[in-house]
Structures are given as C-alpha cells and as structure tokens.
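Inspection log for the structure reproduced underneath, given as structure tokens.
Bear in mind the structure is a predicted one, so any value in this text is a computation, not a measurement. Indexing begins at 1, ligand by ligand and atom by atom, following the structure's order.
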Amino acid sequence: MFRIAVLISGTGSNLGAIINAVETGYLRCKISAVISDHSGAGGLKLAEGKGLDTFVFSGKTTSDNIFEVVKEDTDLIVCAGFLSILKGKLLEEFHNRIINIHPALIPSFCGSGMYGMHVHQAAIDYGVKVSGCTVHFIEPGVDTGPVVLQRTVDVLYTDTAEDLQKRVLKEEHIAIVEAVKLISKNRIAVSGRKVLIK
Ligand code: GAR
C-alpha cells in the first residue's frame with residue numbers, strides 16, 4: 001500500500017479531506033504519520049481521533065526529526081498547511097516526493113511570509129479576478145518547485161479575505177486528494193520544471 005506522511009500546522013481541513021478520501025476508498029493509501037510543528041494544531045486531535053500516529057517537532061531540528069520518522073517506509077510526504085521550511089537531508093532523500101498545497105496560483109502571492117490569510121488579503125488588495133490553489137513539489141526555495149496541479153476560483157468585487165479563503169479551501173480539498181491519487185498511481189512524471197500527468 002502507498003504510504004503517506006501528512007505534515008500540518010493548523011486546523012487540518014486538508015488532512016481531513018485526505019482522511020475522508022482514504023476512508024471512502026477513493027485513495028488507496030495508508031497515512032503512516034501525521035506530523036506537526038505546533039502542539040496546539042487542531043489537526044492533531046483529528047488525527048488522534050482516527051487512531052493515526054502523531055508526532056510534534058519544532059525548532060532547528062524539525063526537518064531531521066521528520067526524516068527519522070519517514071525514512072524507512074514513506075512513499076510521499078504531503079505538506080497540508082505546514083508552515084515550517086523543510087531542508088537538508090529530508091529534501092535530498094525525498095526529492096520529488098514531497099508536495100505542498102499553497103492557497104494561491106503560484107507564482108502569484110507566494111514565497112516568504114505568504115501563508116494563510118496573508119495570501120488571500122494580498123490577492124484582494126491586488127484586485128485579481130481569479131485566484132485558486134496550487135499543489136507543487138517542494139525544493140529548497142519557498143514555493144518554487146514544479147507545479148503538479150492548480151484549481152481556480154473567481155474573486156468577487158465584494159469578497160473579503162475570509163470569503164476568498166473559504167472558496168479556495170474547497171478547491172484545496174479537491175486538489176490535494178487528486179494530487180495524492182495521481183502520484184500514488186504513478187501517473188506523474190517530472191521533467192525539469194514541467195510535470196506531465198500521464
Ligand atoms: C491552507 O489554506 C493551506 O493552503 C495553507 O494553510 C491552510 C491550512 O489549512 N498553506 C499555506 O499557506 C502554505 N504557504 P488547513 O489546516 O485547514 O488544511
């Protein structure tokens with residue numbers, strides 16, 4: 001069975017979407033670990049309630065600690081609202097095997113400091129007509145890896161950042177599950193910056 005580790009920092013609604021897809025059989029995967037950089041992350045309670053193995057790591061050794069958990073038998077690491085920057089051996093050993101979901105259409109509204117509601121506020125302030133979400137592979141830069149898939153939403157004139165976040169989050173839940181499914185079925189090939197869906 002394809003084994004995934006899910007990394008979270010907050011509420012864990014994307015984790016919830018993955019759990020739901022596993023439970024319904026849409027994803028033929030096992031969630032081998034749920035790892036957070038924040039002991040108060042709501043998603044940890046969700047994971048514990050489902051009997052999943054959970055871990056909390058923070059500080060300078062976070063990437064190394066995560067590596068120790070995932071190194072033996074993890075096929076894919078899924079950053080589902082994980083806010084720490086991954087680095088070192090973890091990135092080297094899991095090259096093109098770590099994905100992240102970002103709540104905007106990369107390369108817009110991404111990079112350092114662009115997370116959560118900041119992203120939606122920036123999109124509203126800029127006045128874009130379309131926003132969305134991006135699933136991408138993680139490489140050493142922030143939000144710079146090859147794009148696996150994107151989903152779009154309209155931005156309405158009257159939208160607040162909260163309105164936009166709600167609309168984008170619905171698409172994130174679809175996108176993250178779809179990306180895991182494609183990768184778990186070996187339907188993704190990466191060539192430089194381009195990702196082919198087979
Ligand atoms: C999601 O909107 C995710 O895209 C974002 O954090 C939220 C987590 O929500 N991630 C980033 O901003 C990373 N740059 P969740 O905990 O409910 O899944």
Side-chain angles (χ1 to χ4, degrees), residues 4-23 27 31 33-50 52 54-58 62-63 66 76-87 90-91 98-126 128 130-153 155 159-180:
I4 62 174
V6 183
L7 276 48
I8 59 166
S9 297
T11 314
S13 70
N14 279 288
L15 168 66
I18 295 169
I19 291 173
N20 189 47
V22 169
E23 285 180 348
L27 284 180
I31 302 172
V34 173
I35 304 173
S36 182
D37 54 1
H38 177 43
S39 59
L44 284 173
K45 281 204 171 68
L46 171 67
E48 283 159 10
K50 295 289 181 181
L52 299 172
T54 60
F55 303 84
V56 178
F57 304 120
S58 58
T62 299
S63 288
I66 293 171
L76 180 71
I77 298 171
V78 182
C79 295
F82 187 68
L83 300 183
S84 294
I85 304 297
L86 299 177
K87 57 184 184 181
L90 180 67
L91 288 192
I98 310 177
I99 56 171
N100 178 52
I101 185 138
H102 182 74
L105 297 174
I106 289 174
S108 293
F109 312 118
C110 64
S112 212
M114 277 292 176
Y115 61 90
M117 203 60 82
H118 299 291
V119 178
H120 302 298
Q121 192 61 57
I124 297 280
D125 292 346
Y126 197 92
V128 292
V130 177
S131 191
C133 61
T134 303
V135 178
H136 64 94
F137 285 108
I138 287 199
E139 55 173 39
V142 180
D143 299 332
T144 56
V147 170
V148 180
L149 54 87
Q150 295 183 302
R151 293 181 66 88
T152 59
V153 304
V155 182
D159 271 349
T160 62
E162 287 78 11
D163 294 333
L164 184 55
Q165 183 204 32
K166 281 185 197 145
R167 203 174 304 125
V168 170
L169 203 51
K170 280 188 189 163
E171 299 304 318
E172 289 187 42
H173 297 162
I174 298 169
I176 201 159
V177 167
E178 220 42 49
V180 172

For atom 11 (C) of ligand 1, the closest protein heavy atom turns out to be Pro103 CD, 3.6 Å
Which ligand 1 atoms, with their elements, are less than 4.0 angstrom from a heavy-atom of His102? 4 (O), 14 (N)
Near Gly81 (heavy-atom distance under 4.0 Å), the atoms of ligand 1 are 6 (O), 8 (C), 10 (N)
Among the heavy atoms of Gly12, does any lie under 4.0 Å from an atom of ligand 1? yes
Give a yes or no answer on whether the side chain of Asp163 reaches the backbone of Thr160 with a donor-acceptor pair at less than 3.5 Å. yes
Distance under 4.0 Å to a non-hydrogen atom of Thr11: what atoms of ligand 1 satisfy this? 16 (O), 17 (O)
The answer for which part of Glu172 has a heavy atom under 4.0 Å from ligand 1 is side chain
Can I get a per-line list of side-chain donor-acceptor pairs under 3.5 Å for residues 105-112, giving both atom names and the distance, sequence neighbours left out?
none

Atom 12 (O) of ligand 1: the protein heavy-atom neighbour that sits closest, reported with distance to 0.1 Å: Gly116 N, 2.9 Å
Heavy-atom side-chain proximity of Glu139 to Pro146 below 4.5 angstrom: yes
Val119 heavy atom under 4.0 Å from ligand 1: no
Using non-hydrogen atoms of the residue, decide whether Gln165 is closer than 4.0 angstrom to ligand 1. no
For atom 15 (P) of ligand 1, closest protein heavy-atom neighbour: Ser13 N, 3.4 Å
Where ligand 1 meets Met114 - atom numbers and elements under 4.0 angstrom, heavy-atom basis: 14 (N)
Which atoms of ligand 1 sit under 4.0 Å from any heavy atom of Leu169? 2 (O)
Output yes when Glu178 and Arg151 qualify as a salt bridge under the 4.0 Å nitrogen-oxygen rule, no when they do not. no
Counting C-beta onward and ignoring hydrogens, is there a side-chain heavy-atom pair between Pro103 and Glu172 closer than 4.5 Å? yes
Throw together a table of side-chain donor-acceptor distances under 3.5 angstrom for residues 5-13, partners on residues two or more places apart or in other chains.
residue: Ser9; atom: OG; partner: Asp37; partner atom: OD1; Å: 2.8
residue: Ser9; atom: OG; partner: Asp37; partner atom: OD2; Å: 3.2
residue: Ser9; atom: OG; partner: Gly81; partner atom: O; Å: 3.4
residue: Ser9; atom: OG; partner: Leu83; partner atom: N; Å: 2.8
residue: Ser13; atom: OG; partner: His173; partner atom: NE2; Å: 2.8

Check whether any side-chain heavy atom of Ile35 sits under 4.5 Å from a side-chain heavy atom of Phe57, and report yes or no. yes
